[in-house]
There are 2 protein chains.
Amino acid sequence: MSRLTSQRQAILDLIRSSDTHWEAESLARELADRGQSIGIATVYRGLAALEELGLIDSIQFGGKKRYERIDKGHHDHLVCTGCGSIEEFIHPQIERLQQAAAEQKGFVMTGHQLVIYGLCPACAAQHPVAGG
Amino acid sequence: MSRLTSQRQAILDLIRSSDTHWEAESLARELADRGQSIGIATVYRGLAALEELGLIDSIQFGGKKRYERIDKGHHDHLVCTGCGSIEEFIHPQIERLQQAAAEQKGFVMTGHQLVIYGLCPACAAQHPVAGG
DNA sequence: GTGAGTGCAAATTTTTTGCACTGCG
DNA sequence: CGCAGTGCAAAAAATTTGCACTCAC
């Protein structure tokens with residue numbers, strides 16, 4: 001059905017070789033910098049195909065879709081609203097409770113997206129809470 | 001600072017009088033239907049202003065921003081991928097654990113967004129799991 | 001009369017699509 | 001050969017911005 005062409009292989013290699021949460025555009029730019037220039041439409045189609053194949057993961061927040069390695073296993077994201085840095089975390093109990101919350105409403109849970117916004121340690125130090 | 005103009009009052013009234021998760025466009029259409037036609041840019045600016053003032057709430061998923069009443073208190077969302085219906089739920093324990101997860105990484109949590117995807121009871125009945 | 005708000009249309013941003021072309025199987 | 005994939009550019013969708021104008025204080 002889907003072919004793993006050289007372009008898609010390049011996209012996959014780049015994603016697999018980094019811990020970055022790639023957006024289509026920056027991924028295309030990085031590939032271009034490496035001499036593997038790929039049309040932006042092909043990048044979008046390639047990312048969708050790779051996700052469909054279960055080879056990469058995606059998260060959406062801040063109005064943009066981002067892709068990352070899938071071999072890190074499931075995790076959620078902690079986004080710093082100060083500097084934009086992204087931390088990952090996994091909280092098994094939250095996972096379980098989400099299942100429970102869905103079931104409580106009679107839903108069959110198929111997925112979820114949890115993004116916690118806040119200030120990372122560095123930014124929190126620069127933005128002291130009122131009174132500091 | 002921000003003025004609560006007649007346009008913004010109309011937006012606020014509409015949101016407060018319903019349990020809908022409004023998108024800018026459908027809200028503008030509904031207002032137009034009621035004879036209160038407001039420019040789409042004004043709707044966007046008004047929604048942003050009302051959110052800033054803490055008068056309405058927003059959630060973002062599916063690439064779109066949605067606005068809803070704030071007086072329902074905090075809650076998260078359960079979105080049916082079959083029919084698009086949205087259920088709300090609140091799970092105090094999940095809230096608490098999110099705080100804990102953020103703290104574990106040294107973050108000061110300022111907000112979060114949790115969307116659980118799944119099939120609502122009606123859609124689940126129509127999409128029996130393999131084996132059914 | 002000043003500044004925030006409005007409305008239109010144009011611009012932006014992210015993503016998708018049409019279409020002719022290419023290349024693997 | 002045939003069809004999925006590619007690349008370009010145009011289209012689409014959601015949102016923002018420029019600009020002249022208006023209105024409330």
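For clarity, every value in this text was computed on a predicted model and none was experimentally measured. First the proteins, then the strands, lettered A, B, ... as listed; each starts at 1. Hydrogens, waters and symmetry mates play no part in the numbers below; they use all other heavy atoms, side chains included.
- Below 30°, between 30° and 60°, or above 60°: for A/His75 and A/His21 the angle between ring planes is above 60°, a perpendicular geometry.
- One atom, OH of A/Tyr44, and another, P of C/dT14, lie 7 Å apart when rounded to the nearest Å.
- Protein atom CD of A/Gln7 is 18 Å distant from nucleotide atom P of C/dC21, rounded to whole Å.
- With B/Ser58 contributing its side chain and B/Tyr67 its backbone, the two residues share no donor-acceptor pair below 3.5 Å.
- A straight line from NZ of B/Lys65 to C1' of D/dA13 spans 17 Å, rounded to a whole angstrom.
- At whole-Å resolution of the value, CZ in B/Arg45 and C1' in D/dT16 are 8 Å apart.
- The distance between atom CZ of B/Arg3 and atom P of D/dT22, rounded to the nearest whole Å, is 16 Å.
- Side-chain nitrogen and oxygen atoms of B/Thr5 include at least one within less than 4.0 Å of the OP1 or OP2 phosphate oxygen of C/dT6.
- One atom, CD1 of B/Ile40, and another, P of D/dA14, lie 10 Å apart when rounded to the nearest Å.
- Counting non-hydrogen atoms of neighbouring residues, nucleotides and ligands closer than 6.0 angstrom, the CD atom of B/Glu52 reaches no more than 12 such neighbours.
- In this structure, the side chains of A/Glu25 and A/Arg29 come closer than 4.5 Å at one or more pairs of heavy atoms.
- If you take CD of A/Gln9 and P of D/dG5, they are 14 Å apart, rounded to a whole angstrom.
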Working for ring pair (Phe, Tyr, Trp, His ring centres under 6.0 Å), residues B/His112 and A/His77
CA-CA 10 Å; B/His112 75 265; A/His77 297 87; over 10 Å; no
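- When the P atom of C/dT6 is taken as reference, atom CG of B/Leu31 falls 12 Å away, rounded to whole Å.
- For the contact set between residues 17-30 of chain A and DNA chain D, defined by any heavy atom under 4.0 Å, there are no members.
- Phosphate contact (OP1/OP2 of D/dT6, side-chain N/O of A/Arg8, threshold under 4.0 Å): present.
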